[in-house]
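Have a look at the structure below before the remarks.
Throughout, protein chains are lettered first and strands after them, A, B, ... in sequence-line order, and every chain is numbered starting at 1.
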Amino acid sequence: MGEKKVTKKWIRKSYRVLIIIGVLAVIVGIIGLYFGGPNEEVIPNEIKNNKTKTGYDARTGFIEDDGMQTVINNCTTCHAAELVTQNKMTKDGWLATIRWMQESQNLWELGDNEEVILNYLAKNYAPEDTGRRAPLKDINWYVLE
Amino acid sequence: MMDFKRRKFIKQAALGSFATVIGADIVYGNKIPKGYNLLGLQEPDPFKLFNKDVDMTLLNSKPWNMEAKAHLLDDKITPNKFMFIRNNGLIPEDINADNWTLTIDGESVEKTKIYTLNDLKTKFKHYSYQLTLECGGNGRSEFNPPAKGNQWTIGAVSCAKWTGVRLKDILTDVGIKDDAVYIGYHAADIHLSRDPTKEPISRGAPIAKAMQDETLLAFEMNGGPIPLAHGFPLRLIAGGWPASVSGKWLNKISVRNVEHDGAKMTGTSYRVPCKPVAPGEKVKDEDMCIIKSMPVKSLITFPKSGAIIDEGKKLDIRGHAWAGELQVNKMEYSIDFGSTWNSCSIEKPVNRLAWQHFNASIAFPQKGYYEVWARATDSQGKSQPMLLPGWNPKGYLNNACHRIAIKVA
C-alpha cells in the first residue's frame, strides 16, 4: 500500500516536470522561430524566381527551349542570367545588344551560335505591349488594422 | 584592423552565420587562412552578405543589383537594409582603408595631388547631409517598348545621411584652373569581363555641381563606415542627380577641361533624347543629352499597397517627395484616378537635396476598390505625370505618379 502511494506521487511529480519541460520547449521554440526563424529559413521569392518552376532551368531560371544551353554558355560568363531574363527585346534589339557587348564589353565572336542565340531570345524574351501605363497587378490584399 | 572584409569575416565566423550560408558546419573553420574566400561563399546569399532585408528584390546577382519596395522606404532616413544596390561591375576584392588614397589629377589641376583617406578625414572640415540618391533608370520596367537594362520598378531611391568632406574644399586645396568644366571619377571596382584596362563606370558632373556645398567625398553613411556594397571606404556623393554620379570605391577624380568621357558617360548611357521622340524611335548618339538633375517624384510608403480597411474609417497615408536640385512645393493625392486632387501636408527638407515627408488623412465615400495616386509639384511648377513620361531608348527618368491599391469593405 505504502509503496503504491510513493510510486503514484513519483509519477505525478514526473508528469509535472514533463509538463514544465514541455511548456519551456514551446516557449523556446516560439522565441527561436520569432527571432531566428525568418533570418535562417526564409528564401526570398526573388531568389527562387523561376528556378523552381517547371519549364525553367533550375540553375539559371532560363526558359527551357532549343538553344538554351548555347545561351547559357555564351551569355552567363560575365554577367548573371538575370540580366538576360529580366529583359524583353525584338530580334533586332537582341542583336544590337550583342553588337554593343562585342564592341565595348569584350564579348567574343559568336559564329554560328549567334543565330541560335538570337532565335532563342527573340522567341522567349519578346516585348509585350503594355500600353502607356499598365494596371496595378500582383496586389497582395491584407487587412489594415 | 581596417581591412573591411577581414573584419566582417571574423565577425561572421564568430556568429556562426558562415555555416548557415553554406548549410553545413565548417569543420576546420579555425584553420582558414586570413583573407581566404571559401568556395562555398563565392555565390552567397546577397541578403546576408550585404545586410539587406529579405523583402528587398534581387534583380541581378552579377553584377549585384537590388531594389526596395515602396513600403520598405518608410523611414525618414533610409537604413542600409532598405537601400538599393546598383553595381555596374564587380565589387573590389581587397579593400584596405589603411592605405586607401584619392588622387586628384586631370588637365585642369595646377598639380596632381594624392591624399590618404586619413588626410581627408583629419585635414578638412566634416559635413553631414541627408541626400536623395535615385538611380537614373528607376521605373525603367514600365516603359513601352521596353528598355534594356535592369528592370527597376520604384525602389531604386534612398535618402541616407552621408558624412564626409566637401569636394570643393579638396579641389580648392589642389588648385584648379579656370578652364575646368567637368570632374570625372575613377574607382576600384572591376569590369565584368575582368579586363583590367576597362572601367565598369567612370562618370562625373559639371564643375558647378562639384563645387556645391552638399557634394561630398563621404566616408560615413548613417553614422558608420559606408557598407561595402555602397562604396566603402570612400564615395563621391552628388545628391539630386542620377545616383551613378555618386561614384563608389572612389580612388581618383580627374578635373577635366572637356566633358568627362569615361565609361557610361557617352553613347546612350545616362542620356535621354535632347528633343522628345515617339516611343521606339531610333535616336542617334549625337542627339542624346546627359541627364542632370532628376525630375520631381514621390512615393507613398505607408500603407503598403493592398490594404483593406473598414467602411467609415479614415486612411492615413505618408511618404516622401523629392525634386532633384529643386524643392517640392506642393503634394497632392487623388482617389478618383486623377479627376480631383486633394492636398497633403508636406515638410520642408532637412537640408537641400534631402527628400521631404508628406502625409494626409483620406475619407472614402463608399465601399469599393480605390487607387491612391500621389503627385508632387516642384518649385518651378512641374508636376509628376500620371502616365509614363517621354519614352527614351534606355528607359530613364520615369517619374509617373505612384499608385497604391485600397479596398474599403
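- Taking OH from B/Tyr369 and CG from A/Leu136, the interatomic distance works out to 4.5 Å, rounded to the nearest 0.5 Å.
- Contact of A/Ile139 with chain B is made through the side chain alone, with heavy-atom distances under 4.5 Å.
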Is there a side chain to side chain contact (heavy atoms under 4.5 Å, CB included) between B/Phe302 and A/Leu144? Walk through the geometry before answering.
CA-CA 11 Å; B/Phe302 182 88; A/Leu144 179 68; 4.0 Å; yes

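- Counting heavy-atom pairs closer than 4.5 Å to chain A, the top-ranked of the candidates B/Asp195, B/Leu387, B/Asn65, B/Leu388 is B/Leu388.
- With a 4.5 Å cut-off on non-hydrogen atoms, B/Met386 touches chain A through its backbone but not through its side chain.
- Scanning both residues, B/Lys62 and A/Thr77, for their nearest heavy atoms gives NZ-O, 2.9 Å.
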Side-chain donor-acceptor pairs of residues 304-317 of chain B under 3.5 Å, sequence neighbours excluded:
| from | atom 1 | to | atom 2 | distance (Å) |
| --- | --- | --- | --- | --- |
| B/Ser305 | OG | B/Ala405 | N | 3.0 |
| B/Asp316 | OD1 | B/Ser361 | OG | 2.9 |

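- A/Glu128 is not listed as a side-chain neighbour of B/Pro146, based on a closest heavy-atom distance of 4.5 Å or more.
- Neither the backbone nor the side chain of A/Thr90 comes within less than 4.5 Å of any heavy atom in chain B.
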Apply side chain to side chain contact (heavy atoms under 4.5 Å, CB included) to the pair A/Arg133 and B/Arg403, showing each step before the final yes or no.
CA-CA 11 Å; A/Arg133 190 132 206 220; B/Arg403 306 168 295 172; 3.6 Å; yes

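- With hydrogens and angles disregarded, no donor-acceptor distance shorter than 3.5 Å links the side chain of A/Asn106 to the backbone of B/Ser193.
- Residues B/His191 and A/Gln105 form a side-chain contact, since some pair of their non-hydrogen atoms from C-beta on lies under 4.5 Å apart.
- For A/Arg132 (side chain) and B/Pro389 (main-chain N/O), a donor-acceptor pair under 3.5 Å exists by modelled atom type.
- Remark: side-chain polar atoms of A/Gln86 are not paired, donor with acceptor, to backbone N or O of B/Asn150 under 3.5 angstrom.
- Rounded to the nearest 0.5 Å, atoms CD1 (B/Ile406) and CH2 (A/Trp141) are 7.0 Å apart.
- When heavy atoms are compared at a cutoff of 4.5 Å, B/Pro279 approaches chain A solely by way of its side chain, counted from C-beta outward.
- Counting heavy-atom neighbours within 6.0 Å of B/Asp285 CG, excluding the residue itself, gives a total above 12.
- Residue contact with chain A, scored on non-hydrogen atoms closer than 4.5 Å, involves the backbone and the side chain of B/Lys148 alike.
- With chain A as partner, the option from B/Gly149, B/Ala409, B/Ala263, B/Pro200 having the largest number of non-hydrogen pairs under 4.5 angstrom is B/Gly149.
- At a 4.5 Å heavy-atom cutoff, the contact between B/Pro303 and chain A is made by backbone and side-chain atoms alike.
- With a 6.0 Å radius and a threshold of 12 heavy atoms from other residues, nucleotides or ligands, A/Lys91 has its NZ atom above the threshold.
- Between the side chain of B/Asn60 and the backbone N or O of A/Glu82, no donor-acceptor pair lies under 3.5 Å.
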